[in-house]
Q: 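Quick one: structure below, then a few questions.
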Protein chains: 2
Amino acid sequence: MIGDRWSLLILRDCFLRVRRFEEFQSRLGVTRHILADRLKKLVRFGVLRRSPYQENPTRYEYILTQKGLDLYPVVMAIVHWGDTHMVDERGRPMLHQHKSCGKMFDPVLVCSECGERIVAKEVHVHAGPGAAKGAAEELAARAK
Amino acid sequence: MIGDRWSLLILRDCFLRVRRFEEFQSRLGVTRHILADRLKKLVRFGVLRRSPYQENPTRYEYILTQKGLDLYPVVMAIVHWGDTHMVDERGRPMLHQHKSCGKMFDPVLVCSECGERIVAKEVHVHAGPGAAKGAAEELAARAK
DNA sequence: GTATAAAGTTCTATTTCAGAACTAGTAAGC
DNA sequence: GCTTACTAGTTCTGAAATAGAACTTTATAC
């Protein structure tokens with residue numbers, strides 16, 4: 001769903017309260033043709049919904065559904081990685097403030113069970129009930 | 001860097017301890033031509049390093065650098081979103097166990113300052129020192 | 001000599017994307 | 001009425017990326 005050049009950038013802008021075709025287009029510089037196609041696709045996946053905001057003529061804006069809002073950790077994780085590894089001398093392009101505590105923050109990934117910060121080397125992967133044949137076997141083989 | 005069809009899938013496999021050309025190719029089904037190109041690109045970005053694992057003939061494997069390991073939250077956030085919104089009746093393809101606490105867990109994004117779970121609507125965005133001209137202005141305008 | 005293996009490279013055909021112009025429905029200026 | 005502007009697209013053409021298959025290189029095993 002996000003394996004193309006623009007979908008993630010469109011979603012990022014959604015989280016910045018961008019909602020309308022022209023605004024996506026001018027901010028991102030994406031071809032109108034592709035933008036129309038991506039918005040359709042994101043609506044089809046249930047990540048955005050197309051909602052009328054005026055009549056005569058009827059015009060629509062694109063709003064994140066709950067399924068779309070749940071992508072926030074994905075977008076924030078990418079942004080934070082960029083802030084850590086890709087900024088120039090000038091520093092971060094954007095700062096994030098947590099309304100409930102009032103402070104500028106970084107997003108941190110933690111374990112739902114113990115609350116500790118998660119790093120790749122501290123995680124074991126097991127085949128789950130929906131594991132694909134083959135993938136499960138390979139995984140088991142690698143675990144040995 | 002990840003705005004194409006395969007880079008994120010290659011990185012996911014890296015976190016599953018996949019390291020060699022043939023293994024990426026057979027697991028993902030990606031064209032060899034494209035795989036070679038993406039691996040080169042990821043090395044160029046400093047996310048993977050190409051390291052010899054035998055001589056005669058010299059063969060190389062691809063290993064995550066620290067910059068690459070730091071992408072773990074990105075990959076985990078996507079996986080968790082898929083687990084939440086895209087699984088079929090059979091359930092999750094994979095389960096993750098946190099070595100330090102021993103439990104199967106979900107990744108949770110929290111605030112670095114107060115430790116509370118972060119949701120999109122609880123975050124304010126401000127222009128940072130590296131803000132692009134124009135983007136900063138638009139952002140300020142939207143905040144009003 | 002023949003087969004196998006890993007890690008690529010090279011070729012053609014198809015699909016996707018970029019860049020630009022065009023369309024539809026309506027309001028506003030004059 | 002005629003022209004211009006606004007928003008959200010659609011429709012072209014050419015360029016770039018990807019798929020699918022075969023080929024290359026270096027070396028071991030039989």
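Within every chain, numbering begins at 1; the chains are lettered A, B, ... in the order of the sequence lines, protein sequences first and strands thereafter. What you see is a predicted model; the values in this text were computed from it and never measured.
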Q: Between B:R27 and B:L16, is there a side-chain heavy-atom distance shorter than 4.5 Å?
A: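 Yes, side chains in contact.
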
Q: May I have the distance from A:Q25 (atom CD) to D:dG9 (atom C1'), rounded to whole angstrom?
A: 11 Å

Q: So, are A:E122 and B:K99 salt-bridged, with charged N and O less than 4.0 Å apart?
A: no

Q: Relative to B:Y53, does B:R20 satisfy both conditions: NZ or CZ under 6.0 angstrom from the six-membered ring centre, and within 45 degrees of the ring's axis?
A: yes

Q: Show, in sequence, the C-alpha distance, side-chain angles and deciding distance for B:H98 and B:S100, and conclude whether the side-chain hydrogen bond (donor to acceptor under 3.5 Å, both in side chains) test is met.
A: CA-CA 6 Å; B:H98 192 201; B:S100 69; 3.2 Å; yes

Q: Among residues 44-63 of chain B, which contact DNA chain C at a heavy-atom distance under 4.0 Å?
A: B:R50, B:Y53, B:R59, B:Y60, B:Y62

Q: Tell me which residues in residues 31-38 of chain A put a heavy atom below 4.0 Å from DNA chain C, sorted by number, or none.
A: A:T31, A:R32, A:I34, A:R38

Q: Provide, to the nearest angstrom, the distance between the CG atom belonging to B:L42 and the P atom belonging to C:dG8.
A: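 B:L42 atom CG is separated from C:dG8 atom P by 13 Å.
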
Q: With the side chain counted from C-beta on, respond yes when A:R59 and A:P57 share a heavy-atom pair under 4.5 Å apart, and no when they do not.
A: yes

Q: CZ of B:R19 versus P of C:dA7: gap in Å, rounded?
A: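 That distance rounds to 13 Å.
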
Q: Side-chain N or O of B:K40 less than 4.0 angstrom from OP1 or OP2 on C:dT9?
A: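 Indeed, a polar side-chain atom of B:K40 lies that close.
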
Q: Ring of A:Y60, cation from A:R50 - is the NZ or CZ under 6.0 Å from the centre and inside 45° of the axis?
A: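 That pair qualifies as a cation-pi contact.
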
Q: Are A:I10 and A:S7 side-chain neighbours, meaning at least one heavy-atom pair lies under 4.5 Å?
A: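 Sidechains of A:S7 and A:I10: no contact.
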
Q: Would you mind reading off the distance between B:E23 atom CD and C:dA7 atom C1', rounded to a whole angstrom?
A: 14 Å

Q: Can a side chain N or O of B:K41 be found less than 4.0 Å away from OP1 or OP2 on D:dA17?
A: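 No, no such contact exists.
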
Q: A:L28 CG to C:dG19 C1': how many Å, rounded?
A: 16 Å

Q: Are side-chain heavy atoms of A:H96 and A:M104 found at a separation under 4.5 Å?
A: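 Contact flag for A:H96/A:M104 side chains = no.
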
Q: Quick one: are B:H85 and A:F45 in side-chain contact, heavy atoms under 4.5 Å?
A: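 Sidechains of A:F45 and B:H85: no contact.
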
Q: Taking only the side-chain nitrogens and oxygens of B:W6, find out if one of them lies under 4.0 Å from OP1 or OP2 of D:dA19.
A: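 It does, given that an N or O in the side chain of B:W6 lies less than 4.0 Å from OP1 or OP2 of D:dA19.
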
Q: Report the residue (A:R5 or A:L39) whose heavy-atom-nearest nucleotide on DNA chain D is the more 5′ of the two.
A: A:L39

Q: Please report, rounded to the nearest Å, how far the P atom of C:dG8 is from the CD1 atom of B:I10.
A: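 Atom CD1 in B:I10 sits about 12 Å away from atom P in C:dG8.
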
